[in-house]
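One structure below.
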Amino acid sequence: PEEVLRTMRRFDAAGGEVYLVGGCVRDLLRGVTPHDYDMTTAALPDEVHRLFAGEKLIDTGIRHGTVTLLAGGMPLEITTYRIDGGYRDNRHPDAVTFATGLREDVIRRDFTMNAIAYHPARGIVDYTGGAADIAARCIRAVGEPGRRFREDALRVLRAFRFAATLDFSPLRRGATRRSFLPSPGNGYGKRWRNCFAASPPGGFCRERQRRLPLRCRGFLFCRKRRCS
C-alpha cells in the first residue's frame, strides 16, 4: 500500500533503516495480501516521534519500543530493533535492550517464517531460512525450540494456529512437548480453541483431532457455542 511505501521512504530520506517484518512478509511470500503491516527500525521511539512530528502516533508498547503510526488511517506498528531479556512469567520479557542491527532483532522471534524482513530497495533479508520453510510449508522455531517455548508458552498455541490456518506442519525437531504447555488462566483456553478455528483445519491439525478423546474434540473443534 502507498501508506506503507510513503512511511518507509520517510525513514530512507532521513538516513534511517527500516524493514517490513513478521506476518506481512510471510503473507507476501505466500502470495497473500497482508491484513496489517509491522515495521522494525534502528530508530529509537523518540526518533520516530520526531520523524513523524505532527502526525498521529500512539505509544502502544513504548516499554518494548513499539509506536503505532496512523498513516492515512492505516495503523502501522513501528518497533525499534531489540534484544529480549529473561521471561520469568513465560509470557513477556522482563526487560528489553534496544539493538543496532536487524539480525539481533530477528533471531529473538518465534518461528523462522516470522523472522524475515523486507525492504523495497534491499529486498528480502532472511537470516534463519524462513523463506525456504514457507516454501516447504513447515513451522520451525528460531534457534533452540525448547528455549523459544519456555520464553513464551503462548508460542505453543501459535504453532497450532499456524498449522490450522496455513496448513503447515511443525518440524519434528521443533514439535511442542507437554512440558511447554501453558498453565491455565490468562486467556489460554480461548486461544487454544481458536487455534483450531480454520475451516477446515489443515492436515496436521486434523490428525491431532483424531487422536483426542471424543469429549475433547467437541470442546476444541466445534465452532458452535454448544456441541450436540
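What you are looking at is a predicted structure, and each value in this text was computed from that prediction instead of being measured. Residue numbers count from 1 along this sequence.
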CZ of Phe111 to CD1 of Ile134, rounded to nearest 0.5 Å, is 13.0 Å

Side chain proximity check, Arg137 to Ser169, heavy atoms < 4.5 angstrom: no

Hydrophobic cluster of Ile58, others only, ordered by chain and residue number, side-chain cut-off 4.5 Å: Leu70

Could you grab the distance from atom CZ of Arg103 to atom OG1 of Thr128, nearest 0.5 Å is fine? 9.0 Å

Tell me which pairs pass ring-ring contact (aromatic ring centres under 6.0 Å, His included) where either residue lies in residues 49-80, with sequence neighbours left out. Phe11-Phe52

Looking only at non-hydrogen atoms, find the nearest pair between Ile139 and Ala159 and report the distance. CD1-O, 3.4 Å

In this structure, would Val106 and Val125 fall into the same cluster of hydrophobic residues linked by side-chain contacts under 4.5 Å? yes

Arg9 meets the side chain to side chain donor-acceptor pair (under 3.5 Å) criterion, sequence neighbours left out, with Glu2

Residues Thr112 and Ile116: closest non-hydrogen pair is O-CG1, 3.6 Å

Checking the side chain of Thr66 only, and the main-chain atoms of Ile62 only, is there a donor and an acceptor separated by less than 3.5 Å? no

List for me each residue that meets side-chain contact (heavy atoms from CB on, under 4.5 Å) alongside Arg148, sequence neighbours excluded, and say none if there are none. Ala141, Val142, Glu151, Arg155

Sorted by chain and number, sequence neighbours left out, side chain to side chain donor-acceptor pair (under 3.5 Å) with Thr68 holds for Thr60

Give the table of side-chain donor-acceptor pairs shorter than 3.5 Å for residues 94-101, with sequence neighbours excluded, one pair per line with atom names and distance.
{"unit_1": "Asp94", "atom_1": "OD1", "unit_2": "Arg88", "atom_2": "N", "d": "3.3"}
{"unit_1": "Asp94", "atom_1": "OD2", "unit_2": "Arg88", "atom_2": "NE", "d": "3.2"}

Verify side chain to side chain contact (heavy atoms under 4.5 Å, CB included) between Glu47 and Leu51, making sure each step is shown before the conclusion. CA-CA 6 Å; Glu47 294 174 329; Leu51 186 60; over 6 Å; no

Co-membership, hydrophobic cluster, residues Tyr118 and Met113, 4.5 Å side-chain: yes

Would you be so kind as to tabulate the donor-acceptor pairs closer than 3.5 Å made by side chains of residues 32-46, with sequence neighbours excluded?
{"unit_1": "Thr40", "atom_1": "OG1", "unit_2": "Thr79", "atom_2": "O", "d": "3.3"}
{"unit_1": "Thr41", "atom_1": "OG1", "unit_2": "Glu17", "atom_2": "O", "d": "2.7"}
{"unit_1": "Thr41", "atom_1": "OG1", "unit_2": "Ala43", "atom_2": "N", "d": "3.0"}

Ignoring hydrogens and angles, write down the donor-acceptor pairs under 3.5 Å from the side chains of residues 18-29, residues two or more places apart or on other chains.
{"unit_1": "Tyr19", "atom_1": "OH", "unit_2": "Arg122", "atom_2": "NE", "d": "3.0"}
{"unit_1": "Arg26", "atom_1": "NH1", "unit_2": "Asn114", "atom_2": "OD1", "d": "2.6"}
{"unit_1": "Asp27", "atom_1": "OD1", "unit_2": "Arg30", "atom_2": "NH1", "d": "3.2"}

With sequence neighbours left out, the residues meeting side chain to side chain donor-acceptor pair (under 3.5 Å) with Tyr87 are Asp84

Walk me through whether Asp105 and Arg109 qualify under salt bridge (Lys or Arg N to Asp or Glu O under 4.0 Å). CA-CA 7 Å; Asp105 183 82; Arg109 295 175 182 267; 2.7 Å; yes

Salt bridge (Lys or Arg N to Asp or Glu O under 4.0 Å) contacts in which one or both residues fall within residues 52-81, not counting sequence neighbours: Arg10-Glu55

Checking side chain to side chain contact (heavy atoms under 4.5 Å, CB included) for the pair Val4/Leu76: CA distance, chi angles, key distance, verdict? CA-CA 8 Å; Val4 174; Leu76 302 175; 3.9 Å; yes

Note, Leu102 side chain near Tyr81 side chain (heavy atom, < 4.5 Å): yes

